[in-house]
Amino acid sequence: MLMESSSLFRNKISFLSFLVFLLVLSSPCKFIQSPMDFGPLNLLQTTKTASLDFGRIYFNTPLAVLRPESAKEISLLLKLVSASSFSRVITVAARGAGHSINGQAQALNGIVVEMDSLPSSIEIHKSRGLGDYSYVDVSGGTMWIDLLEDTLKEGLAPRSWTDYLYLTIGGTLSNAGISGQTFKYGPQISNVLQLDVVTGTGDLVTCSPTKSPDLFYAVLGGLGQFGIITSARILVQEAPTKVKWVRAFYDDFEKFTRDQELLITTMADKVDYVEGFIVLNEQSIQSSSIAFSPNLTSIIPQLFPSGSSPQIYYCIEFAIHDHPNKHSTLDQVVEEMSKKMSFIPSHIYSVEVSYLYFLNRVKVEEMNLREHGLWDVSHPWLNMFVPKSGIAKFKDLLLETISSNAFEGPILIYPILRDKWNSDASAVLPGPGEERVVYIVGMLRSANPTRCSTICLNDLLTENRKITQTASDPIIGIRAKQYLPHYSSEEHWQDHFGEHQWRRLVRRKTEYDPLNVLAPGQKIFTRRSPKEKLRPNVRSQ
């Protein structure tokens, strides 16, 4: 009893000491001055966004918020938190655009670092000739849309994208960053030349494939576990001016996937973007046609005639860039490619748009959803990587689990190529390793508050868990893994990474964030005191 009381007393003293620590840091008086002549850290009690993300499922309130004006302020914060014995319970999470789904960028009773306060910096370096390449140095809190607009002024653009551009550089590089260009150029983390990182111990490190390479690859796809990205050097290339945007519809899943794989392998030199989606109902056509072409809704009576039994369709979406060195017109290329595809006869549609419009197409859908009050709602999303050998079985699992009539939002499904990913990075793909083609499936549904109560939302989350558990069950044999993973136990995280990658993750965590200060919202590691040691703790097989 005495030991319990003593422990409780020490905990209370530690917590009170840390409150004093926060007050000192937040004070306008310069009680704390770094050796490098920093001013005091301006810690805020909270902000409107610190406990909020796009998912609107978790709302974890931090103890304080830092809106840094430099990487050195982030470094100072992490050094103080790591070195102070009275701050052993405090964690730190970096928040970019807040587009996480399950509270990954939140820090309950910790400190949230809002990266959008960092000064936006975009420095473009054009190629000076043969053997040289163009790149851009950009701050970690800058959004991809801002980077796109700046590089386009120089006739350049990054090679790999996400579908939605109002995300930060550091945010997507901490996960992977995927879209319809991934099959060609790899994810965004495969297009990075250099990073500036603040580790969990507060060290400011510039890293690359040749300088501190272990940290470089650890941070890329590292879910924020090893450091906070404050700057990145990203490959850029000549940007097209126009894009031919094409959609072809299918009533047969095997033909749909076969043609997708044809596009990303045999026709990879002709096509620049490949995605696809499942057409569950009329709403699937209507919501996906807002940016593409409102006229596409005219095919609804053909696909869903009145009085007919429910029918599932599939749509391949691909794009061809108009480059000056192309010898054929965009229409000629589309015609040549379509002759080798097996879509429903006469059900292929295309529009020609600017490159900027195409890359920023989801913004049009966002504006429509905001207009109808359906953007700031809960988003119980689920994203999965599925090996080629398991994609048909996964599709069946998906359609058996969800209600096709009530589903609101797109279900994306498209292939990527394993050899475009660097296995040294922290992001993991599912096995077997000999399968070159892996599919990404994104269930991007919304919980309309007028039709979906809290009970309804919980039911949707239960469906997600059922799909995840079944698809990752070795007995079932689908062998899928989550992208933007969300687990609540170390056991599930070990299963996600696999034995080899888990050991590597633990080693890197011990090296760069030994006290488990960073990214508590991922729920991979528990905050430790300086006296504790992190052990691999891999289960025996």
Side-chain angles (χ1 to χ4, degrees), residues 134 136 143-167 177-188 191 234-249 259-260 262-264 266-277 287-296 315-341 343 347-368 410 412 414-416 420 440:
S134 299
V136 59
M143 288 192 179
W144 285 95
I145 180 63
D146 297 322
L147 178 58
L148 173 61
E149 290 175 343
D150 270 31
T151 53
L152 282 179
K153 294 174 185 176
E154 300 295 330
L156 300 170
R159 308 191 307 174
S160 188
W161 294 96
T162 52
D163 287 333
Y164 186 62
L165 302 184
Y166 294 79
L167 310 173
I178 58 174
S179 184
Q181 304 87 3
T182 301
F183 81 92
K184 194 159 191 167
Y185 300 111
Q188 290 178 327
N191 293 270
I234 297 169
L235 277 170
V236 293
Q237 64 181 4
E238 182 182 358
T241 55
K242 294 184 296 184
V243 172
K244 195 72 170 183
W245 185 7
V246 186
R247 287 183 175 177
F249 289 84
D259 279 1
Q260 281 191 317
L262 177 72
L263 289 173
I264 70 166
T266 306
M267 300 185 186
D269 61 327
K270 300 183 184 299
V271 67
D272 298 284
Y273 162 98
V274 177
E275 286 196 11
F277 56 92
S287 61
S288 65
S289 302
I290 295 168
F292 181 80
S293 172
N295 295 330
L296 195 60
C315 177
I316 290 181
E317 177 176 78
F318 66 95
I320 303 163
H321 296 170
D322 182 25
H323 286 293
N325 57 354
K326 282 193 174 179
H327 301 294
S328 304
T329 67
L330 294 178
D331 287 332
Q332 288 172 333
V333 176
V334 171
E335 183 179 0
E336 178 187 348
M337 295 171 64
S338 63
K339 289 177 180 178
K340 301 177 182 179
M341 299 171 68
F343 48 83
H347 278 65
I348 184 169
Y349 308 88
S350 65
V351 292
E352 193 170 293
V353 297
S354 72
Y355 185 57
L356 174 60
Y357 179 89
F358 175 73
L359 289 180
N360 200 26
R361 60 197 178 279
V362 178
K363 184 63 177 180
V364 180
E365 298 174 15
E366 175 191 345
M367 293 169 63
N368 178 69
L412 304 182
Y414 59 92
I416 57 178
K420 300 294 183 178
I440 176 70

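Expressed to the nearest 0.5 Å, how far CD1 of Ile440 lies from OG1 of Thr182 amounts to 9.0 Å. To the nearest 0.5 angstrom, Lys340 atom NZ is 12.0 Å from Asp259 atom CG. Between atom CZ of residue Phe183 and atom CD1 of residue Ile416 there is a gap of 12.0 Å, rounded to the nearest 0.5 Å. Interatomic distance, Leu262 CG to Ile316 CD1, rounded to the nearest 0.5 Å: 8.5 Å. The line from CD of Glu366 to CG of Leu165 is 10.5 Å long, rounded to the nearest 0.5 Å. From Lys153, atom NZ reaches atom CD of Glu149 across 7.5 Å, with rounding to the nearest 0.5 Å.
The backbone N or O of Trp161 lies less than 3.5 Å from no partner atom in the side chain of Tyr185, so there is not a single donor-acceptor pair. Panel note: side chain Gln260, backbone Glu275; a donor-acceptor pair is recorded below 3.5 Å. Of the possible donor and acceptor atoms, none in the side chain of Ser134 sits under 3.5 Å from a partner among the backbone N and O of Val236.
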List the steps, then state whether side chain to side chain contact (heavy atoms under 4.5 Å, CB included) holds for Ser293 with Trp245. CA-CA 10 Å; Ser293 172; Trp245 185 7; over 6 Å; no
Going through the distances and angles, do Tyr357 and Val364 end up as a side chain to side chain contact (heavy atoms under 4.5 Å, CB included)? CA-CA 9 Å; Tyr357 179 89; Val364 180; 3.9 Å; yes
Show your working on side chain to side chain contact (heavy atoms under 4.5 Å, CB included) between Met367 and Ile290 and close with a plain yes or no. CA-CA 10 Å; Met367 293 169 63; Ile290 295 168; over 6 Å; no
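For Tyr166, the ring-ring contact (aromatic ring centres under 6.0 Å, His included) partners are Tyr164, not counting sequence neighbours.
A side chain to side chain contact (heavy atoms under 4.5 Å, CB included) with Tyr355 holds for exactly one of Asp322, Leu152, Asn360, Thr241; it is Leu152. Checking each of Phe358, Tyr414, Phe318 against Tyr273 for a ring pair (Phe, Tyr, Trp, His ring centres under 6.0 Å) leaves exactly one that passes, namely Phe358. Each of Arg159, Lys244, Gln181, Lys184 was checked for a side-chain hydrogen bond (donor to acceptor under 3.5 Å, both in side chains) with Asp272, and the lone residue meeting it is Lys184.
At a threshold of 4.5 Å between non-hydrogen side-chain atoms, the residues Met341 and Leu263 count as touching. Residues Asp163 and Leu412 are in side-chain contact: their nearest non-hydrogen atoms beyond the backbone lie under 4.5 Å apart. The shortest side-chain heavy-atom distance between Asn191 and Pro158 does not fall under the 4.5 Å cut-off.
Looking at every heavy atom in both residues, Ala291 comes nearest to Glu365 through CB-OE2, 4.3 Å. Taking each heavy atom of Ser160 and Gly186 in turn, the nearest pair found is OG-O, 2.7 Å. For Ser328 against Val333, the heavy-atom pair with the smallest separation is CB-CG2, 3.8 Å. Considering all non-hydrogen atoms of both residues, Val271 and Ala319 come closest at CG2-O, 3.4 Å. Shown here for Val243 and Leu330, the closest heavy-atom pair between the two residues is C-CD1, 4.4 Å.
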